[in-house]
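Below, chains carry the letters A, B, ... as their sequence lines are ordered, and counting in each starts from 1. Remember, it's a predicted structure, so these values are computed and weren't measured experimentally.
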Number of protein chains: 2
Amino acid sequence: MMLDERTKQVLFAVIQCYINAPGPVGSRVVTKKFSFGLSPATIRNIMSDLEEMGYLQQPHTSAGRVPTDIGYRYYVDSMRSEKRLINKDFLLELNRKLELLKKDINAFLDEASKMLSYLSHYIGVTMSPNTGITTLDRIELIKYRNDKVAVILFTDEGLIRNRIISVDAALSQRDLNRIAAYISSHFSGRTLEEIRKMVVKELARETVLCDSLVEEAMRICSAVFSVSPGNVYISGLSEVLALPDFCDIDRIKELLKTIEDKHIIVKLLDKIADADGPQVIIGSENPLDEMKTFSIVAATYKEGSRPMGAVGIIGPTRMNYLQAISIVDLTATYITEMLSYK
Amino acid sequence: MMLDERTKQVLFAVIQCYINAPGPVGSRVVTKKFSFGLSPATIRNIMSDLEEMGYLQQPHTSAGRVPTDIGYRYYVDSMRSEKRLINKDFLLELNRKLELLKKDINAFLDEASKMLSYLSHYIGVTMSPNTGITTLDRIELIKYRNDKVAVILFTDEGLIRNRIISVDAALSQRDLNRIAAYISSHFSGRTLEEIRKMVVKELARETVLCDSLVEEAMRICSAVFSVSPGNVYISGLSEVLALPDFCDIDRIKELLKTIEDKHIIVKLLDKIADADGPQVIIGSENPLDEMKTFSIVAATYKEGSRPMGAVGIIGPTRMNYLQAISIVDLTATYITEMLSYK
DNA sequence: TTTAGCACTCTCCATCGTCGAGTGCTAATA
DNA sequence: TATTAGCACTCGACGATGGAGAGTGCTAAA
C-alpha cells in the first residue's frame, strides 16, 4: 500500500518519537519536534487516517498514538535503502577484539554478543556453526592413557573440536594414525552431519567389516560425529532491563524463560539462515508465540557463500531498527571477513 | 550464644514458616502450624525475646516477625549436623547425566548447573577448573596449514584445551614433535599458571637461547599458557523469577547485572575454594555489596585432595538452606568421584 | 484544505477511610 | 512464677473518590 509523502512523514515522525521515549505520541508533540508547518489539528487528522489504515493505534480514546507492528514494518522496509548509520567506535572496538581473538571463533562470538548488546542496548546473540554446515578437514587421534584416546577434529572453517573416547586398549599410536588417515581421506570435505548419517548407515548394514581397523574407525566415528547444535552466546540482559519497556515483571519473566532455552534461539536464527543481508522480524511476525512481543534483527555470517552461523539483536518492538540493522550487518560482515582471512 | 531449647524451636518454626511462604510470621500462625502446646501470647513473648537478641526483626510495629541474617546463620549452623535430605530422583537423574557426559567435563558442568537450579528452584552455578589449578600432562602440536599450528593441551584432570597459533612456516611436523616433547618433559606436572609465569620469566631474561627449537618452544608457550579464568555455567534465572521474593523489579535488575558479569561469580566461588564441605553465605555476610540481599550455598569438587572447581546455588536469603546444602553437597561429591574414575 | 476553539474522555495520582492482621500490655489464672 | 485471655492500639493493604492534565474528535471559520 502506498502512502502519500506527507502521511508517510507523519508516520515516521510518530515512530521516531516512540522509539526515543515510550508512551503514546500526541499530535502536539509531533508538531513541536518536527517542522511540518502544520497545526496539531491537521496532524490529528492524518494520524486518524493512519490509524484507520492500521499503521497506528490508540491504547484508549483520547490518548496519543502508538505504532503497530505493521507500522514498524512499513518504516523498516522504507528505510532499508537509506544510508546506514556507521558507528566509528563500533568499528574500532570490533577491530580490536578481532585482532585479539582471531584465533578462536568461539571466544570471538562470545565477545561479539557482548559488543552487540553494548552498542545497541538490547540483547546480543551470536551462534557458532553447527554440525550441519561445518565440513571436516581432517581428524587426529592421540593416545591419552590406557584405553582413552583424544580425538581432534579439524574443520575447514578453522574450528577445532576435541573429545575423549574409549577404545580397545591394544591399539597403538601407529594404529590410531592409520585409522585417522583412513577417516580423513574417507570423509574429508563432507559436513559433520553428512558423515554422521553415513556412519550410521554403514553400521546399520551389520556386515562384518573385513578390516578390523576400518571397523574400529567406524566405531570411533559414531562416537565422535554426534549432532551438536552449535553454541549460542547471549549478552545484555541487564542492558535491556534498564529500558522502560520492561517495567512489567511478567514480561521480564516471559523473556527470560524464552532466552534461557537456547534451543529456541537456535531455531529462530536458523530460520534466517538462507536470507541475504540483515533480516528483521517485528513482534507478531515472529513464528514463536513466546517472542511475539519482541523484535529480532539478525544476519548470517558466511564462509565463502555458505552461511555458517548467525548474529542478532533481540529487543522490544519499539526498537531502534536502523541502528540495530547496521550494527548487525557490520558484525556479520566482519565475521565473514575474518573467516575468509583464515 | 546459647538459646534454651524452647526458644530455639520457636526461632526455627518462624524460619520454616518464612521459607515456605514469604511475609511476616505471626504468633498465631506459629501455634497453628507447630504444636508447642503454648498460646499465641507466650509465643509472642518468646518472639519478642528473639527480636531483642537479633535473630528476628519486625518490618514495622504490629506486623509479624521475619528472620534476620543472624537468625538464618544460627539455624544453618544448628542444622548442619542433622541428617540430610536425600532426594532419590536427584541421584538418579544426576547419574543418568553422568553416564551420558562422562567424557566432557564442560558439557557436564553445564548440565549440572541446570540440574542444580531445577532441583532447588534457585540459580545453579558451576565453575570449571581454572589455569591456577589444572596441571599439564602433555602437549601436542599438529601442523594445520602453512604457518598455523593446532596446540592440544592435555591436563592431568582429563581436560583438553586447544588453540590455533601461528609459527614459522618452515617448521616441519617433525620439528613440532620435538618441540612438543621438549615442552611436555620440561613442564609436565606443573599448573598452567606456574608454567605461564616461568615462561614469562624465561623470556624476560632476553638471553639468546642457543637452541632455536627451545626458543620457538618458549614462543609457543607464551602464546598458549595465557590466563584463562575457567568457564562459568549459570542456569535457572527464570526459575528464580517465579519466586514471590522477586516481585521487585529493581531487585531483578540488580541480580541480573551481577550474574551477567561472570567474573564476580568466579571471585565469589574462589573464596570458598579451600573450605571443606558446603559453605553457606547468608545475605549481609556476602563480601560483595551487590549480593548482600542474596544467599549462596557452594562447595568445591576435587581431584584427589586438590580443589578443582566449584558448584553452588544462589537464591534469596529466604532460601531452603537444608535442601540447598544437600543438593550442592551431592553434586560436588559426584563430580569429585567422576574425576577420580578417570 | 487547514486551523482555532471547545467539549469530552480517559489515565494518573494523591487522599481518605475502612478492614484485618498482629502486636504489647495488663490482669487474671494455674 | 509461668502462662494465658482480653483488649486497645498500630500499621499496611485495598478500594473508592475526585481533581489535574494530556489528548482527542468535532464543528465552524478562515
Protein and nucleotides 25-30 of chain D: nitrogen or oxygen contacts under 3.5 angstrom:
unit_1 : atom_1 : unit_2 : atom_2 : d
D/dG25 : OP1    : A/R65  : NH2    : 2.9
D/dG25 : N7     : A/R44  : NE     : 3.1
D/dG25 : O6     : A/R44  : NH2    : 3.1

In whole angstrom, what separates [X]'s [atom1] from [N]'s [atom2]?
{"X": "B/R28", "N": "C/dG22", "atom1": "CZ", "atom2": "P", "result": "8 Å"}
{"X": "B/D49", "N": "D/dT3", "atom1": "CG", "atom2": "P", "result": "11 Å"}
{"X": "A/M47", "N": "D/dT24", "atom1": "CE", "atom2": "C1'", "result": "9 Å"}
{"X": "A/I43", "N": "D/dA22", "atom1": "CD1", "atom2": "P", "result": "19 Å"}
{"X": "B/I46", "N": "C/dT23", "atom1": "CD1", "atom2": "P", "result": "13 Å"}
{"X": "A/F36", "N": "C/dT2", "atom1": "CZ", "atom2": "P", "result": "13 Å"}
{"X": "B/L50", "N": "C/dT23", "atom1": "CG", "atom2": "P", "result": "13 Å"}

Problem - Neighbour count above 12 (heavy atom, 6.0 Å) for B/K257 NZ - result: no
Exercise for the section: Specify whether A/Y74 and A/F12 have parallel, tilted or perpendicular ring planes, treating 30° as the upper limit for parallel and 60° as the lower limit for perpendicular. Expected result: tilted
Practice task
Give one of base, sugar-phosphate or nothing for B/G23, where a contact means two heavy atoms less than 4.0 Å apart.
Solution key: nothing
Handout entry: Contact under 4.0 Å: A/S39 side-chain N or O vs C/dT3 OP1/OP2
Key = yes
Problem - Side-chain N or O of A/T42 closer than 4.0 Å to phosphate OP1/OP2 of C/dT2 - result: no
Practice task
Would you mind checking if B/D77 and B/R73 are paired as a salt bridge, meaning a charged N to carboxylate O distance below 4.0 Å?
Solution key: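 A salt bridge is present here (some side-chain N lies under 4.0 Å from a carboxylate O).
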Practice task
For B/Y122 and B/I314, work out which heavy atoms get closest and say how close.
Solution key: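 Taking every non-hydrogen atom into account, CB-O, 3.2 Å.
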Handout entry: Qualifying residue, where the test is side chain to side chain donor-acceptor pair (under 3.5 Å) with A/S284 and the options are A/D289, A/D69, A/T317, A/T293
Key =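 The side chain to side chain donor-acceptor pair (under 3.5 Å) with A/S284 is passed solely by A/D69 among A/D289, A/D69, A/T317, A/T293.
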Handout entry: Closest-nucleotide 5' rank along DNA chain D - winner of B/P59 and A/S62
Key = B/P59
Practice task
Give the intermediate values and the outcome of salt bridge (charged side-chain N to carboxylate O under 4.0 Å, His left out) for residues A/R65 and A/E51.
Solution key: CA-CA 8 Å; A/R65 256 78 173 199; A/E51 180 166 12; 2.7 Å; yes
